[in-house]
Structure formats: C-alpha cells, structure tokens
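Chain A is the first sequence line, chain B the second, and so forth, proteins listed ahead of strands; every chain is numbered from 1.
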Amino acid sequence: MSSLQPVRGTHDLLPEAMRRHRKVVDSSREVAALYGFHEMATPIFEFTEVFKRTLGDTSDIVTKEMYTFAMGSGKGSAKDEENATITLRPENTAGVARAFISGGLAQQVPLKVFYAGPMFRHERPQKGRQRQFHQIGVELIGVPQPLADVEVIACGAQILEVLGLKDAVTLELNTLGDPDSRAAYREALVAYFSAHVDALSEDSRERLTRNPLRILDSKDAGDRELVAGAPLFADYLNSESRDFFAEVLQGLDNLGIAYTLNPRLVRGLDYYCHTAFEFTTDRLGAQSAVMAGGRYDGLIKTMGGPQTPGVGWASGVERLAMLLEADIAAPRPIAVVPVGEAAQATALKVAQGLRHAGFVVELGYSGNLKKRLQRANKMNARAALLFGDEELAADSTTLRDLDSGEQELVPLNSLAERLSRLS
RNA sequence: GUGGCUGUAGCUCAGUUGGUUAGAGCGCCUGGUUGUGGUCCAGGAGGUCGUGGGUUCAAAUCCCAUCAGCCACCCCA
C-alpha cells in the first residue's frame with residue numbers, strides 16, 4: 001500500500017466533481033428552505049452510545065460498519081469521559097435527535113431542520129458507496145400528523161425535480177404500522193418462516209432472529225417463493241395505522257406526487273414506524289436508493305428524551321451527483337492582461353475594481369501576451385482586457401471578446417457597464 | 001465480511017506463443033508571431049508496467065502475496 005493513496009473508500013472532490021457536489025447541496029438547501037427547514041449541523045462524531053442506542057444493537061451499521069475510537073488521550077486519565085469511545089457518525093438522524101434533547105429544543109417544536117455533511121461507514125466500497133460519503137437530509141420533529149410525512153416527501157421530490165432527476169427516480173412507499181401492528185406482524189412472520197426454515201436461505205435464517213421483516217426484501221429466488229405466500233402486513237395493520245397511511249397517500253395524491261406501493265420495502269433501522277419510503281433509480285447498479293427515510297416516533301424517547309414524533313429522510317450526495325446529466329460549468333472569468341511592465345499596476349487595480357463590482361476576474365501571473373491569452377482561453381474566459389502603452393495613455397483598455405475575436409477600445413470609466421452587456 | 005473481474009503516461013487504451021531502448025490518441029511543454037487565444041504545422045517532455053516476492057538466460061506478459069478500483073452478495077444514501 002502506498003501512503004500516497006487516499007484511504008480506501010475515500011476520495012478527493014477535485015474542482016469539477018466539487019461543482020456537481022455543490023450543485024446538489026446548494027439546490028437542496030434552497031428547496032428545503034422553501035419548506036421552512038432551517039439548516040443546522042451536529043458534530044461528525046458522537047459518543048458511541050448515541051448510535052448504538054438509536055440504531056439498534058442488531059443493525060449492520062452498529063455491528064460492523066462504525067468507525068469507533070477510544071477517546072482517551074492515552075495518558076490514563078481517570079475521567080469517565082476519557083474512557084468513553086466516540087464514533088464517526090454513520091448517519092445524522094441520531095445526532096439531530098441528540099441535539100434536540102441536549103439542546104432543549106423540545107420547547108421549539110415543530111422543529112424543522114436541514115443538514116448536509118460527511119458520514120462514515122466501514123463498508124466494502126463500490127460505485128456510489130464510499131466509506132466517507134456525504135448526505136443531505138431533513139428532519140421534521142414534533143408533528144404526529146401524516147401531513148408532516150407528506151411535506152417531508154414533497155420536499156424531497158421537489159429537490160429531485162430541481163436537480164432534473166424526476167424521470168430518473170421512482171418513489172416507493174410502504175407502511176410499517178405503529179409499534180403494536182409491527183409487533184403483531186413480526187410475530188406472524190416469524191411463525192410463518194419458522195415453519196419453512198429449511199427452505200430459507202442462509203442469510204434469511206439469520207434475518208429470522210435479527211430482523212425478520214428483512215426477509216421480505218431478500219433477492220434469493222427460494223426466499224422469494226416463500227415470501228409470496230407469507231402473511232401480508234396489510235392484514236395486521238390496526239385501524240389507526242391504516243388511517244394514517246391512507247392520509248399520507250391522500251396528501252401525495254393531492255399534490256400530484258406519483259408513487260409505487262412496495263409492501264416489501266422495509267427499514268434496517270429500528271426506530272422507524274408508519275411511513276417508509278425510498279426514491280430509487282435503476283441507473284446506479286445495486287445502489288438503487290438515492291433518498292430514503294420515514295417516520296421515527298419512538299426514536300427520541302428511546303434516547304431518553306420526551307415522547308416526540310419525527311419524520312425525515314437522508315440522501316446520498318455522491319449518488320445524486322452521479323445522476324446529474326451534464327457537467328457543471330465553472331463561471332467564465334474576465335482575463336486581465338497587462339502588456340509590459342508599465343501596465344502591471346494599472347491592470348492589478350482594474351482587476352480589483354472589477355471584482356468589487358462583482359465580476360469574476362483572473363489576472364495572469366506571468367508570460368507574454370500570447371501566453372496569457374492562451375491561459376485565458378484555457379480557463380474559458382469570456383473576454384480579455386489588454387493593457388499596453390496605448391491603452392494607458394488613453395485611460396482605456398482593449399476589450400477582446402474571446403468568443404467572437406472582436407476588439408474595441410473601452411474607456412475605464414465605462415468598463416464595468418460595457419462588461420455587464422457581455423452575454 | 002463473502003465471491004468474481006481488473007490494475008501499462010495526467011486521461012482513455014494497445015502491447016503477439018515470455019525476447020533489444022514499452023506504444024497510440026487526447027492532454028501538457030516549446031517553436032512557427034518581441035501586442036493577440038482557439039484551428040493548423042513542426043518538435044519535445046512524460047511510464048517504479050499498482051506494490052512486494054518468486055520462476056526463468058530473459059517477465060508488462062507466468063506463479064504467489066498484498067494494496068486499490070469495479071461487479072454481485074450482505075447492507076444501505
């Protein structure tokens with residue numbers, strides 16, 4: 001291994017990739033703001049307990065994907081804190097919930113937040129799956145009504161639409177019911193699959209004890225045959241759960257948001273209930289989910305806070321960025337080009353003045369006129385401003401339109417106005 | 001974590017049954033213009049053949065290990 005390679009599963013965001021990344025994040029932030037979500041940030045690491053308690057001890061994330069470190073300085077401090085372990089956040093809902101409790105935000109419900117930032121999971125990398133990746137997400141905390149689910153989903157749908165991905169994704173929906181319904185269904189499933197345990201795949205036998213709902217989502221052919229005859233969740237939903245889901249669907253219908261019901265859509269994380277949804281795509285191989293979330297009414301109480309309902313989603317920035325059609329163009333600068341020593345000072349001052357006027361200006365650092373124009377061309381400059389003896393004497397600059405090749409002498413006092421007329 | 005495929009120049013890739021100084025296109029640099037970019041022409045630089053071992057007179061080529069990427073599973077954004 002070369003120490004000059006990035007750590008496995010991490011990657012640099014070079015300027016071109018960063019522009020795509022920024023487009024995803026900036027567009028999402030703007031749309032989320034339209035729905036009244038306020039951006040906040042939590043630390044990228046938390047006490048390990050924060051994730052263990054909320055994600056469930058049996059989830060894959062907790063059992064094998066967390067980056068956990070000893071927090072102590074190694075100097076044998078006796079303080080409890082020094083003996084604790086900390087974990088790089090594998091997702092951000094737990095962090096927001098923790099902040100909600102420790103920051104006394106319970107006074108401010110409904111709380112609507114947007115976040116964006118890096119997450120860390122120790123998984124085997126693939127395309128669209130890194131060990132450090134980035135998520136955007138929203139959380140709407142404190143609203144028990146299904147209207148909250150509708151707005152959260154609508155916000156996500158609008159973000160995807162703004163990014164031009166409406167046709168690339170499908171909204172899949174399911175309900176996990178309230179805790180009573182879920183428990184009853186789980187019991188029925190375990191009973192059913194236990195009776196057919198010999199026919200189950202090895203993975204699914206494991207799921208039977210850890211997370212039986214997951215069997216419904218199995219890709220194993222034999223499992224699928226069994227699943228076809230398995231009890232249906234719909235038969236175990238109590239009326240409250242059924243009504244709740246119906247209202248969510250009604251809200252989406254009302255907004256004209258298309259969805260597909262997927263009774264096999266389940267959640268890996270324990271804290272979800274009622275609405276579960278995923279925006280999926282068929283363009284990213286096995287990494288089909290680009291935005292996923294649901295309702296988590298039990299999460300905050302589980303963490304030790306007051307009973308507070310919540311609903312939200314998270315979305316993978318790299319996955320969305322990969323789906324963007326075209327490259328994002330960098331802004332086209334104006335190139336300021338001094339010809340000869342005498343023009344240096346003037347060129348620098350004009351460049352600075354234009355920047356204060358809001359123009360993107362590049363000042364070549366060295367080279368003759370030809371060299372500098374070559375560089376201006378390479379950076380896709382819209383125009384070049386030439387400063388030589390003639391121009392200095394006339395208190396003007398030669399404006400060269402680099403698209404048309406046409407030149408004109410422009411007095412400095414009307415330069416900004418002239419440049420603003422360039423297309 | 002499991003199984004499979006791949007790794008040659010900055011990028012995309014050739015490289016014959018193991019056989020001299022490992023090639024192409026694009027990109028990069030210089031010149032064709034001491035105040036004019038792109039196109040064109042001429043020339044040039046750039047490679048520990050992922051890394052480390054092994055087999056052989058000889059390894060980019062065969063073998064082993066390792067690292068990384070990709071694909072599928074697991075799981076997930």
| request: Take A:H134 and A:T10, find for each the nucleotide of RNA chain B with the closest heavy atom, and name the residue whose nucleotide sits nearer the 5' end. | output: A:T10

| message | Of the listed nucleotides (B:C73, B:C75, B:A77), which one gets closest to any side-chain atom of A:E65? | response | B:C75

Show me, pair by pair, the donor-acceptor contacts under 3.5 angstrom made by side chains of residues 346-355 of chain A, not counting sequence neighbours?
from, atom 1, to, atom 2, distance (Å)
A:R355, NE, A:V361, O, 3.3
A:R355, NH2, A:V361, O, 2.8

| query | Below 4.0 angstrom from OP1 or OP2 of B:C75, is there any side-chain N or O of A:R207? | reply | yes

| task | For B:G69, take OP1 and OP2 only and decide whether either is under 4.0 Å from a side-chain N or O of A:Q126. | result | no

| said: Holding to side chain to side chain donor-acceptor pair (under 3.5 Å), I want the full list of residues that pass it with A:Y236, two or more places apart in sequence or in another chain. | reply: none

| field | For atom CG of A:D217 and atom P of B:C73, their distance in whole Å | value | 11 Å

| Quick one: the side chain of A:R129 and the base of B:C75, do they pair up donor-acceptor inside 3.5 Å? | yes

| said: Rounded to whole Å, please give me the gap between CD in A:Q132 and C1' in B:A77. | reply: 14 Å

| Any sub-3.5 Å donor-acceptor pair from A:R382's side-chain atoms to A:R332's backbone N or O? | no

| request: Describe, in one word, how the ring planes of A:Y67 and A:H122 are oriented to each other, choosing from parallel (under 30°), tilted (30 to 60°) and perpendicular (over 60°). | output: tilted

| request: Determine the Euclidean distance between corresponding C1' atoms of B:U39 and B:G50; express it in Å to zero decimal places. | output: 39 Å

| Spacing of OH belonging to A:Y115 relative to CZ belonging to A:R89, to within rounding of 0.5 Å | 8.5 Å

| field | Annotated protein contacts, base or backbone, on nucleotides 35-41 of chain B with a non-hydrogen cut-off under 4.0 Å, one of B, S, - each | value | BBBB---

| With sequence neighbours left out, which residue pairs that include part of residues 349-385 of chain A fulfil the ring pair (Phe, Tyr, Trp, His ring centres under 6.0 Å) condition? | none

| task | Kindly write out the residues that satisfy side chain to side chain donor-acceptor pair (under 3.5 Å) with A:T275, not counting sequence neighbours, or none if the list is empty. | result | A:D149

| In whole Å, what is the span from the CZ atom of A:R224 to the P atom of B:C73? | 10 Å

| query | Going by the ring pair (Phe, Tyr, Trp, His ring centres under 6.0 Å) test, which pairs reach into residues 13-36 of chain A, not counting sequence neighbours? | reply | A:H21-A:H134

| query | Is there a side-chain polar atom (N or O) of A:R121 under 4.0 Å from OP1 or OP2 of B:C75? | reply | no

| message | Under the rule for side chain to side chain donor-acceptor pair (under 3.5 Å), what residues qualify as partners of A:N377, not counting sequence neighbours? | response | none

| task | Mind checking side chain to side chain donor-acceptor pair (under 3.5 Å) for A:Q287 and listing every partner two or more places apart, or none if nothing turns up? | result | none

| said: For RNA chain B, please output the secondary structure as dot-bracket, reading 5' to 3'. Pairs are Watson-Crick or G-U wobble, both atom distances under 3.5 Å; mark crossing pairs with [ ], other-strand partners with |, unpaired with a dot. | reply: (((((((..((((.....[...)))).(((((.......))))).....(((((..]....))))))))))))....

| request: Pull out every residue in residues 12-36 of chain A that has a heavy atom closer than 4.0 Å to any atom of RNA chain B, ordered by number, or say none. | output: none

| Tell me, which pairs form a side-chain hydrogen bond (donor to acceptor under 3.5 Å, both in side chains) where one or both residues lie in residues 186-195 of chain A, sequence neighbours left out? | none

| For atom P, what is the distance between B:U20 and B:G15, given to the nearest Å? | 16 Å

| remark: For residues 219-234 of chain A, the side-chain hydrogen bond (donor to acceptor under 3.5 Å, both in side chains) pairs (sequence neighbours left out) are A:S201-A:D223, A:S204-A:D223, A:S218-A:D223

| said: Looking at the base of B:G3, is there any donor atom on it, or on the side chain of A:R124, that sits under 3.5 Å from an acceptor on the other one? | reply: yes

| request: Using the P atom on both, measure B:U30 against B:U61 and round to a whole Å. | output: 37 Å

| Pairwise P distance for B:G19 and B:A60, with rounding to whole Å | 9 Å

| How long is the line joining CD of A:Q5 and P of B:U48, in whole Å? | 15 Å

| task | Could you state the atom-to-atom distance from CD of A:Q287 to C1' of B:C70 in whole Å? | result | 11 Å

